[in-house]
Amino acid sequence: MTKIHIATDLSELNSFAADKFVSIGNQAIDTNERFTVALAGGSTPKSLYRLLASDDYKNRIDWKRTFFFFGDERPVLPTDDESNFRMANENLLQPLQILEENIFRWQTESSNTAENYANTIKEFFDLSEAEFPRFDLILLGMGDDGHTASLFPFTEALQETGKIAVENWVEKLNTNRLTFTFPTINNASNIFFLVNGTSKAEILKEVLEGEFDRDKLPSQNVKPISGELLWLIDATAARLLNNSSDN
Ligand code: 6PG
């Protein structure tokens, strides 16, 4: 099931997202005694993370039963300005004093990072060899080229069907990135796309209303197998959509 929520601005988008985050988290904790969430990188989620760590939200979920993963990472140390872990740590994890054993980051300081991360996830979710994890929630952003996580247009990782997490060479960035694969993303119970800003309007129209093109528009491959996909979009990003109404 895919739903679209168009928020008046980023603040409303974040409030809507935070309310849904808490609701999904509490439902997961009630059902499974834990909440597993994979965080997004980039800049859009920063204000959402700050809101979740604020007095308005920090007491609305049992963080001791919440386990944090990352949908992708840059090949940098966790202290680097470019690190997705660092951004989440500074804006969410440290302010909430999340316990270290509740945080599973890509060990970018070691070798075989993607394979090690996949093994960590297999162990945490107690998976058999061919199984994929079922995260309660995966947060995603979308780049203005239609990429999501570190699944960039015309890159090898788009074709991956067997692995949970991979390294992905991104020519345009001249770097290897680390990313969940689509089978991992699409096995989640809930997926949020957080898309904000006028610079995303054109690509968002192409992704949501244009022709399907799995390699040119990677975000179009996000289709939960048996979960909910929620596009959380602010009005400026939604301005070119035909039916820019909630559904
Ligand atoms: C990353 C993110 C990436 C991000 C998009 C959108 O590592 O950069 O995982 O997929 O979500 O590039 O980024 P913004 O939200 O900053 O526009």
Side-chain angles (χ1 to χ4, degrees), residues 7 9-11 13-14 16-18 21 37-52 68-92 104-106 108 113-114 117 135 137-155 157-158 160 164-182 184-186 188 191-208 216-222 229-239:
D9 55 25
L10 181 59
S11 170
L13 183 152
N14 285 334
F16 191 94
F21 182 104
V37 54
L39 300 176
S43 56
T44 302
K46 192 184 285 187
S47 49
L48 170 60
Y49 297 161
R50 285 193 181 140
L51 180 62
L52 286 168
F68 293 91
F69 296 77
F70 294 81
D72 76 320
E73 189 52 280
R74 289 84 180 275
V76 297
L77 291 175
T79 50
D80 192 290
D81 283 347
E82 284 297 299
S83 165
N84 287 338
F85 164 77
R86 176 174 168 176
M87 186 274 280
N89 198 37
E90 288 178 348
N91 294 284
L92 180 68
F104 299 86
R105 65 174 178 82
W106 300 75
T108 49
T113 305
Y117 202 52
F135 284 92
L137 176 60
I138 294 181
L139 302 180
L140 295 173
M142 184 181 71
D144 55 15
D145 60 357
H147 81 264
T148 189
S150 283
L151 296 159
F152 284 81
F154 308 106
T155 56
L158 302 185
E160 181 57 51
I164 291 170
V166 294
E167 199 171 81
N168 189 31
W169 173 253
V170 184
E171 188 62 34
K172 70 182 271 192
L173 301 177
N174 191 33
T175 187
N176 263 326
R177 282 286 194 94
L178 297 154
T179 188
F180 278 1
T181 59
F182 284 122
T184 299
I185 293 170
N186 288 329
I191 304 168
F192 288 179
F193 260 115
L194 301 165
V195 185
N196 168 60
T198 190
S199 67
K200 303 286 175 74
E202 283 184 33
I203 191 68
L204 185 66
K205 182 173 182 63
E206 215 180 334
V207 165
L208 289 181
K216 181 180 172 228
L217 301 168
S219 293
Q220 288 185 330
N221 296 289
V222 175
L229 170 58
L230 175 59
W231 285 85
L232 288 158
I233 308 166
D234 85 308
T236 60
R239 63 187 167 81

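In this text the structure is predicted, and so the values were computed from the model without any measurement. Atoms within each ligand, like the ligands themselves, are counted from 1 in listed order. FYI, the numbering just counts along the sequence from 1.
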In terms of residue, atom name and distance, what is the protein heavy atom nearest to atom 5 (C) of ligand 1? His147 NE2, 3.4 Å
Residue from Arg50, Arg86, Lys46 passing side-chain hydrogen bond (donor to acceptor under 3.5 Å, both in side chains) with Asn91: Arg50
Atom 10 (O) of ligand 1 sits nearest the protein heavy atom Ala149 O, 2.6 Å
Distance under 4.0 Å to a non-hydrogen atom of Asn84: what atoms of ligand 1 satisfy this? 1 (C), 7 (O)
Determine, considering heavy atoms only, which of Ser219, Gly41, Ser43 sits nearest to atom 16 (O) of ligand 1. Ser43
Could you go through Tyr49 and Leu139, starting from their C-alpha distance and side-chain angles, then the distance that decides it, and tell me whether this counts as side chain to side chain contact (heavy atoms under 4.5 Å, CB included)? CA-CA 11 Å; Tyr49 297 161; Leu139 302 180; 3.8 Å; yes
protein heavy-atom neighbour closest to atom 13 (O) of ligand 1 works out as Gly42 CA, 4.0 Å
Parallel, tilted or perpendicular for Trp106 and Phe180, by the 30°/60° rule? tilted
Polar side chain donor-acceptor pair, Trp169 to Glu171, under 3.5 angstrom: yes
Hey, looking at atom 9 (O) of ligand 1, which of Asp144, Asp72, Asp145 has the closest heavy atom? Asp72
Considering non-hydrogen atoms of the protein only, which is the closest contact for atom 17 (O) of ligand 1, and what is the distance? Lys200 NZ, 2.6 Å
Check the side chains of Thr198 and Arg239 for a donor-acceptor pair under 3.5 angstrom, ignoring hydrogens and angles. yes
Using atom types as modelled and distance alone, determine if a side-chain donor or acceptor of Glu73 lies under 3.5 Å from a backbone N or O of Asn84. yes
Answer with yes or no whether the side chains of Asn14 and Ser47 bring together a donor and an acceptor at under 3.5 Å. yes
Just to confirm my output: which protein heavy-atom neighbour is closest to atom 11 (O) of ligand 1, and how far is it? Gly141 CA, 3.3 Å
With no hydrogens and no angle check, is any side-chain donor or acceptor of Asn168 less than 3.5 Å from a backbone partner on Ser150? yes
To the nearest 0.1 Å, how far is atom 1 (C) of ligand 1 from its closest protein heavy atom, and which atom is that? Arg74 NH2, 3.4 Å
Please report which non-hydrogen protein atom sits nearest to atom 14 (P) of ligand 1, along with the residue it belongs to and the distance in Å to one decimal place. Thr44 OG1, 3.6 Å
Subset of ligand 1 atoms that lie under 4.0 Å from at least one heavy atom of Arg177: 1 (C), 7 (O)
Pairs of nitrogen or oxygen atoms closer than 3.5 Å, one from Ala40 and one from ligand 1: do any exist? no
